[in-house]
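In what follows, a single structure is set out as structure tokens and then discussed.
In this text the structure is predicted, and so the values were computed from the model without any measurement. Within every chain, numbering begins at 1; the chains are lettered A, B, ... in the order of the sequence lines, protein sequences first and strands thereafter.
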2 protein chains.
Amino acid sequence: MNHPTRTLAAFLADLHYEALPERVVSRCEELCLDWLGSALAGKSQPPIPLFERYAQRMGPTGGASESLTDRRLTSPHFAALVNAAASHVVEQDDLHNSSVLHPGTVVFPATLAAAQELGASGRELIVAAVAGYEAGVRIGEFLGRSHYATFHTTGTVGTLAAAVAVGKLLGFDEDRFVHVLGSAGTQAAGLWEFLRDGAHSKQLHTAKAAADGLLAAYLTEEGLTGAQRILDGKQGMAAGMSQDTDPGYLTDCLGERWALEETSFKFHASCRHTHPAADALLALMQAHDLSHRDIEHVTARVHQAAIDVLGPVTRPTSIHQAKFSMGTVLGLIAVHGQAGLDEFQRRALEDEQVITFKERVSMQLDPEVDAAYPKKWLGRVAVTTRDGQTFSQAIDDPKGDPGNTLSRDELEDKFRRLAAFSGGASPTEARQLIDWAWQLREQPRIVPLLQARENTRENKGADA
Amino acid sequence: MNHPTRTLAAFLADLHYEALPERVVSRCEELCLDWLGSALAGKSQPPIPLFERYAQRMGPTGGASESLTDRRLTSPHFAALVNAAASHVVEQDDLHNSSVLHPGTVVFPATLAAAQELGASGRELIVAAVAGYEAGVRIGEFLGRSHYATFHTTGTVGTLAAAVAVGKLLGFDEDRFVHVLGSAGTQAAGLWEFLRDGAHSKQLHTAKAAADGLLAAYLTEEGLTGAQRILDGKQGMAAGMSQDTDPGYLTDCLGERWALEETSFKFHASCRHTHPAADALLALMQAHDLSHRDIEHVTARVHQAAIDVLGPVTRPTSIHQAKFSMGTVLGLIAVHGQAGLDEFQRRALEDEQVITFKERVSMQLDPEVDAAYPKKWLGRVAVTTRDGQTFSQAIDDPKGDPGNTLSRDELEDKFRRLAAFSGGASPTEARQLIDWAWQLREQPRIVPLLQARENTRENKGADA
């Protein structure tokens, strides 16, 4: 019987490296490097050490897969768990607009961990990642805005995206892809409720999505069966977790459209819902030569999901929570001209000028912005100055969007900052990792990226 | 701030052994033995060996916790995973009526695995299990019938029940219980869609609920924070996964009512939704001295959830799926007088008389039965005989319900059959495990139950 899940599964089974346009391969290398930077930047950030300790307590003492933040070797399950937690915490990982999915932070941890165990090539890793992005984005779009209103799509749909990517590494046929979607979809979880408290669940969601997806794939390889229509069946994900699904998203233009190349890099180190307004405010202040002291009030005119996700954060008490405060983000932009990792670390909670600016920011639902969302993330701000003037500014492609993407130089610069942020990698290692990523398609075999160098260093040390 | 989750958390934090009525302690020992039997009976049953292999591939090669089906020592995470998968597969594990939760198969695997690692006493294990049952049942009732219509409550709520039990072993205070509910609730997953295909997800759900709950508890001990109101918050479980929640269930009569003692033992080896009709048919046939050959048609008059869960199973193709076929269950009862493990194994798919009887069974929604559900699971059947007579039969307390429970002799007998079913334990071991369970409250320290004996035997073998 043919149905959307099976059509998607057949596409995933048939996908091969030669079918990928050059620009998709190239973008995949960029996204891989960008993800690696986010994972390294998560080193020592709360709550990442808790996941490292869990991996040590529950997992093996060695293995083929690498936990990037503590440079330990372990099994794929725990490498995926730790690296996925780590790569989402500084809020610099990529986002796909119309699905509102962060694909990189769930797809790459699972894919890299499995590739290291399986000894896959760089090209196999690329095809697997493309498959994971494609499935994840389409399922996120399928589940629609009503899903995202309560569920953290990167947690729920991320489980399926990770499962598909690992399934591709394992060489699944159409039937196995149907099964793995079933087994991943029935594990899909992640609720937004934690936002109100600034709790650690966002990292738990990505960690679990990557590890659960990997578990689904490895069990499917051994013969575990899953629901045939987990997406659109009577008691499947659509039935239980959405009110506005559209099955067309699952299958339209398969092989013509590539979800991976539609993915945005994050420029600011904050929740993506703040970026359009941040870019618009920056443009407005530059256009009218305003200082933060000139500004009486900013109204960020936003889509509903921004209100759903950012609205609960009224008084951020942690750096991570501040990344979900529209006022803090616009405050950093207004006062310091940027909202990067360092600004958050040093200014978000303690800078009096930022804190007072925060109180002068409000959000308002804008019908035009809301209608365009999630396809487009439009930036619209209105400013009233202390001397009574009013200005407004519109930007249509936030920095990092496919229409306004980051160059390889900008990506290298971002990566170096991420790698250095918590001492995740030395400048020399960062250079080597950049070289590795830009040659990803030529790597004969994916090996541990830092551990191997560690060992070499240790061995040298022992020799000396 | 006080709210239902916090009230429940405070109760869980304060709970101690001396507060438990004797009948609750005693029932907990019985449920523990009953669960152990179900776990042993899962040995070698598909898909349990897949979970064993995953634990070997991803976990450590030793540890303090025991995987019961393959008698390996591992970390608590993987022992919980394997034992929870195993204890749900033969459909003999306990069920709580009004929450429609199978508490044992999620609470005991996580509790036993953690207790073995922590060196907890029998009394600590009992208090932990009572806490897990109490929280799980109340949250299941809170989420209501609309949740169960799409979600497999034992998978979703099971995650919270397991987390609470392990949290109790770890000595959580009120705040930590709030956090662990948040971190467990945001991982809650499990959809019924697999029923239509007879896929393996039911075992995946229990496996993951136990392991995920344990993960939530261990991470919470280390400092992971969770949403404060995961149950009734604006973007919590009620908002995303139910339309008929009732917060009263979370807190009414805490410390007076004990959910654990309301739990039913399973007599028939099938889905609990078939049991009331099975008991009613048996009573009817005995009352009127009918043979299966006399019966033209049986109408099982049932609650809606029975139709939701059993309805998709029209042509069972595996023994496990046959346990969800009302026709097969009533066929076994009519032809063989019982629907136990052996009847399913040898008769459910191959016995022509059972198969033809199955076609003469239909289900019909009964308003009285539906109104009583899930508080009471009423059995109502109507029979038309070949010679044109009609009979009907009602039973109000299916065999195994608290109002019609199994005696310790019956439980021992059931346990011996479960232990022997797949060679999970020898008769001598079964005797020892029965003794262990009946003295659970006196155990100074929970150790591996089979492995220790294995080692002793191996050591003796080596000596000989």
| said: Just verifying a value: how many Å separate Met241(B) CE and Thr150(A) OG1, rounded to the nearest 0.5 Å? | reply: 10.5 Å

| request: Output yes when a side-chain donor or acceptor of Asp197(A) lies under 3.5 Å from a complementary backbone atom of Gln228(B), and no otherwise. | output: yes

| request: Please state whether the side chain, the backbone, both or neither of Pro46(A) comes within less than 4.5 Å of a heavy atom of chain B. | output: neither

| Among Gly182(B), Gly233(B), Ser146(B), which residue forms the greatest number of heavy-atom pairs with chain A at distances under 4.5 Å? | Gly233(B)

| Which bit of Ala209(A) comes within less than 4.5 Å of chain B, counting heavy atoms only: side chain, backbone, both or neither? | neither

| Looking at side-chain heavy atoms only, is the closest gap between Pro60(B) and Thr61(A) below 4.5 Å? | no

| said: Given 3.5 Å as the limit, does a donor-acceptor pair link the side chain of Ser201(A) with the main chain of Gly226(B), or not? | reply: no

| field | Proximity breakdown for His205(A) and chain B, heavy-atom pairs closer than 4.5 Å | value | side chain

| Neighbours of chain A found in residues 210-220 of chain B - heavy atoms under 4.5 Å | Ala211(B), Asp212(B), Leu214(B), Leu215(B), Tyr218(B), Leu219(B)

| Between atom OH of Tyr148(A) and atom CD of Gln235(B), what is the distance when rounded to the nearest 0.5 Å? | 9.5 Å

| message | Between Ser75(A) and Met58(B) (side chain of the first, backbone of the second, donor and acceptor by atom type, cut-off under 3.5 Å), is there such a pair? | response | yes

| task | Give, for atom OG1 of Thr186(B) and atom NZ of Lys202(A), the distance between the pair rounded to the nearest 0.5 Å. | result | 12.0 Å

| task | Check each atom of Phe51(A) against the heavy atoms of chain B and say whether the ones under 4.5 Å are side chain, backbone, both or neither. | result | both

| Inter-residue atom distance Glu221(B).CD - Tyr54(A).OH, 0.5 Å rounding | 11.5 Å

| request: Between chain A and each of Pro47(B), Gly236(B), Pro312(B), Ser242(B), count heavy-atom pairs under 4.5 Å; write down the option with the most. | output: Gly236(B)

| request: Check whether Leu224(A) gets within reach of chain B through its side chain, its backbone, both or neither, counting any heavy atom under 4.5 Å. | output: both

| Are Lys234(A) and Glu193(B) ion-paired here, with the side-chain N under 4.0 Å from a carboxylate O? | no

| Under a 4.5 Å heavy-atom cut-off, does chain A meet the side chain of Leu50(B), its backbone, both or neither? | both

| request: Measure the spacing between CD of Glu222(B) and CZ of Arg57(A) and express it to the nearest 0.5 Å. | output: 6.5 Å

| query | At a heavy-atom separation under 4.5 Å, does Glu117(B) approach chain A through its side chain, its backbone, both, or neither? | reply | side chain

| query | Would a distance-only check, ignoring hydrogens and angles, find a side-chain to backbone donor-acceptor pair under 3.5 Å from Gln187(B) to Gly190(A)? | reply | no

| query | What part of Pro76(A) lies closer than 4.5 angstrom to a heavy atom of chain B: side chain, backbone, both or neither? | reply | both

| query | Quick one: what part of Ala188(B) sits under 4.5 Å from any heavy atom of chain A, side chain, backbone, both or neither? | reply | backbone

